[in-house]
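What follows is a set of notes on a single structure, which appears directly below.
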Amino acid sequence: MSRYELKAKSDTPRVVRAVVGWDRPLQTYFAQVFTLDDDGEEEATIWEGTSLRELPTVADALALVSPHAIVPEDLLARLEADEAGSRSQTDGPFQLGMKNIIFPSGAND
């Protein structure tokens, strides 16, 4: 799994930060945007990529965070490299068992 924390854009004052990364066991990219609510508490207002193969491309994840955060020019390449570097890794018995429980159909395709 990879995870990159991004700084909020200056024109998005309620945004605290954004996070984007690659989740090898779920075979998906993920994106999160955290904002401050009316009480000043941090909350995830965007949290995608929590289901199996939900965000299959880097572009899918970056499209969710880019309106809210500064995306470094090399981030797309780093995320693609994270995915490519994980291709040879496989799930262990515990991961396979949990994926079968959480995602009964298609988890181990």
Side-chain angles (χ1 to χ4, degrees):
M1 178 188 237
S2 65
R3 182 179 189 279
Y4 299 92
E5 192 161 319
L6 309 175
K7 293 182 180 181
K9 288 183 174 179
S10 60
D11 63 346
T12 58
R14 294 186 70 100
V15 174
V16 178
R17 63 190 160 92
V19 176
V20 67
W22 166 250
D23 186 323
R24 192 221 35 96
L26 290 180
Q27 301 167 13
T28 187
Y29 290 95
F30 61 89
Q32 301 168 310
V33 175
F34 296 89
T35 58
L36 292 178
D37 66 16
D38 292 336
D39 296 323
E41 298 292 323
E42 190 175 305
E43 65 180 344
T45 51
I46 295 175
W47 195 333
E48 301 290 331
T50 60
S51 298
L52 192 65
R53 299 181 195 100
E54 184 178 348
L55 299 176
T57 70
V58 177
D60 295 330
L62 293 181
L64 292 167
V65 298
S66 63
H68 311 283
I70 301 165
V71 178
E73 290 182 24
D74 66 336
L75 186 57
L76 185 139
R78 285 191 282 165
L79 285 163
E80 287 177 337
D82 294 340
E83 179 186 4
S86 73
R87 285 190 189 129
S88 64
Q89 298 173 359
T90 59
D91 292 336
F94 181 74
Q95 283 178 318
L96 288 172
M98 290 306 296
K99 284 170 84 172
N100 282 329
I101 291 169
I102 297 169
F103 309 108
S105 62
N108 298 311
D109 297 341

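Since the model is a prediction, treat every value here as computed from it, not as a measurement.
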Atom pairs and distances, donor-acceptor, side-chain atoms in residues 30-37, under 3.5 Å, two or more places apart:
from  : atom 1 : to    : atom 2 : distance (Å)
Asp37 : OD1    : Asp39 : N      : 2.9
Asp37 : OD1    : Gly40 : N      : 3.0
Asp37 : OD1    : Glu41 : N      : 2.8

Check residues 54-81 and write down every donor-acceptor pair under 3.5 Å in which the side-chain atom is one partner and the other belongs to a residue at least two apart or another chain.
from  : atom 1 : to    : atom 2 : distance (Å)
Glu54 : OE1    : Gly49 : N      : 3.1
Glu54 : OE1    : Thr50 : N      : 2.9
Glu54 : OE1    : Ser51 : N      : 3.0
Glu54 : OE2    : Gly49 : N      : 3.4
Thr57 : OG1    : Asp60 : N      : 3.1
Thr57 : OG1    : Asp60 : OD1    : 3.3
Thr57 : OG1    : Asp60 : OD2    : 3.0
Asp60 : OD2    : Thr57 : N      : 3.2
Ser66 : OG     : Leu62 : O      : 3.0
Asp74 : OD1    : Arg78 : NH2    : 3.3
Asp74 : OD2    : Arg78 : NE     : 3.4

Going by the rule side-chain hydrogen bond (donor to acceptor under 3.5 Å, both in side chains), which residues pair with Asp23 if we only count those two or more places apart in sequence or in a different chain?
none
Using the side-chain hydrogen bond (donor to acceptor under 3.5 Å, both in side chains) criterion, which residues pair with Arg3? Sequence neighbours excluded.
none
Tyr29 side, atom OH; Arg53 side, atom CZ - distance, nearest 0.5 Å
14.0 Å
Please enumerate all residues that pass salt bridge (Lys or Arg N to Asp or Glu O under 4.0 Å) together with Asp38, with sequence neighbours excluded.
Arg14
Residues two or more places apart in sequence or in another chain: which of them pass salt bridge (Lys or Arg N to Asp or Glu O under 4.0 Å) with Glu43?
none
In terms of hydrophobic clusters joined by side-chain contacts under 4.5 Å, are Leu26 and Tyr4 together?
no
